[in-house]
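Just below is one structure, and these are the notes that go with it.
Position 1 is the first residue of the sequence; numbering continues from there. In listed order, ligands and their atoms are each counted from 1. All figures in this text were calculated on a predicted structure; none of them were measured in a lab.
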Amino acid sequence: MKLWGGRFQKSTAPEVEDFHSSLSFDRRLYRQDIQGSIAHARMLATVGLITQEEAGRIIRSLEEILADMEAGRVEFDPANEDIHMQIEKLLTERIGDAGKKLHTGRSRNDQVALDLRLYLREEIKALDALLAGLQETLLDLAEAHLETIMPGYTHLQRAQPVTLAHHLMAYFEMFLRDRGRLADCLKRLNFSPLGAGALAGTTLPLDREMTARELGFDGICPNSLDAVSDRDFAVEFLAAGSLIMVHLSRLAEEIVLWSTREFGFAELDDAYSTGSSMMPQKKNPDVAELVRGKTGRVFGHLLGLLTVLKGLPLSYNKDLQEDKEAVFDAVDTVKACLTVFTPMLKTLKFNKEAMYRAAAEDFSLATDLAEYLVQRGVPFREAHAVVGRLVRYCLDEGKSLADLSLEEMRSFSPLFDPGVLECLRPEASVARRRLPGGPAPETVRQAINHARKIMSAKNNYRGGGF
Ligand code: ARG
């Protein structure tokens, strides 16, 4: 019989059993469920609702169930509806009446909210570690490429020279914000719903603060209705996960572009690329593409959960059971992407010459020429026009800026003097961009040093900490 079968005269229709059971996916929460039950049992004994002896038996048996589940010795029975029922059923089978007392003052509504919070708390920490690993790789690469000149782009058109270090450090910043967002999500998540019961608390003298403390929460959810219906923390997590995916996907896209023959800026390690079943010459960036492709799943889960929540009356509704697959798949996806991305990036070989050539040819230094004139007193708008005409002239003559003689340049402005030729070297251009946040090697060196400090100061990155 069902644990809730008392008032029913018929058994559940088989298609309903299948339809409403969440055991196939929420079994993943067995550890958190047992952890919560142990804390609950201890508290029940402390407030005198069960004896210390009963609590001892419950806890020992729950620990055995945990060990059996870890070892794969438990058969999960779909008739048990969800992981909470499954564990309670096993417990009562094993220890009888004491087991039946565990659910005192508790509902699966506060139980599932608790389990999901405990689960996400662990996963957020795991994700933070993966992100930190990716950041370390970015820092190492940046350090090795402080002087590697590459074109910076806007509109995917060559714009102004930067360095590879500077480019990679942009991603360092994105992942730093991601870690801040996860930490922020954790701050609001870390409150205990236990003791909210089904929705309205309980007449029994539970000690909510005690279970909250025992489970490492910062406090209790203050309102019982909110405690069982709130999934904001899951939405925040999915939003943070979505942005992690945005950042991974942007870098993935750049890696795809850089490894084309057209760009030729980088080559993927054989271990992180794949071949074609038909075209023998092919080496494809499948890993980067898959990361880009999987982004949609995480966005989908965010939108999906927002839609589940929209319009739900208080308090618990079964719709909320839809939260878990979204969260689990998002966790799995982001973790899998980070796990493969870091070594793919670490083993990427950059073609410095191709990058340099792309920065040197074309007109990437046109802005430098305009600024050269500005420093000689020409209003910027006029300087912009002068250099624009110079570029037009080059295009007509089939020349690049570097091909121009000083005489040719002076016919556009007498203020060009021999010093201008120095302007036309990309490394000189980059070295002059020393403003804070700029690409000059010495500036990026400082940014890297600062970043290393942030990384080693545990729990102390911009935007919060654990
Ligand atoms: N499996 C349910 C969920 O995931 C647990 C809570 C069910 N509560 C209920 N009264 N049906 O949300």
Consider only side-chain N and O atoms of [X] and [Y], and report whether a donor and an acceptor are under 3.5 Å apart.
| X | Y | value |
| --- | --- | --- |
| Glu254 | Tyr153 | no |
| Arg28 | Tyr119 | yes |
| Asp33 | Gln111 | yes |
| Asp269 | Thr347 | no |

Which atoms from ligand 1 have a heavy atom of [X] less than 4.0 Å away?
| X | value |
| --- | --- |
| Ser22 | 1 (N) |
| Asp82 | 1 (N), 2 (C), 5 (C) |
| Lys324 | 3 (C), 4 (O), 12 (O) |

Nearest-neighbour protein heavy atom for [atom], which is reported as residue plus atom name and distance:
| atom | value |
| --- | --- |
| atom 2 (C) of ligand 1 | Gln321 OE1, 3.3 Å |
| atom 3 (C) of ligand 1 | Tyr316 OH, 3.3 Å |
| atom 11 (N) of ligand 1 | Arg108 NH2, 3.7 Å |

> Can you tell which part of Glu81 has a heavy atom less than 4.0 Å from ligand 1: side chain, backbone, both or neither?
Replying inline: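 It is neither; nothing of Glu81 touches ligand 1.
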>> Which option wins on minimum heavy-atom distance to atom 10 (N) of ligand 1: Asp26, Asn109, Leu29?
In response: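 It is Asn109 that holds the nearest heavy atom.
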> When you measure from the centre of the six-membered ring of Phe233, is the NZ or CZ of Arg121 under 6.0 Å away and within 45° of the axis?
Replying inline: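 No.
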>> Are Gln160 and Arg433 packed together at the side-chain level, in the sense that at least one heavy-atom pair is separated by less than 4.5 angstrom?
In response: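 Of all side-chain heavy-atom pairs linking Arg433 with Gln160, at least one is under 4.5 Å.
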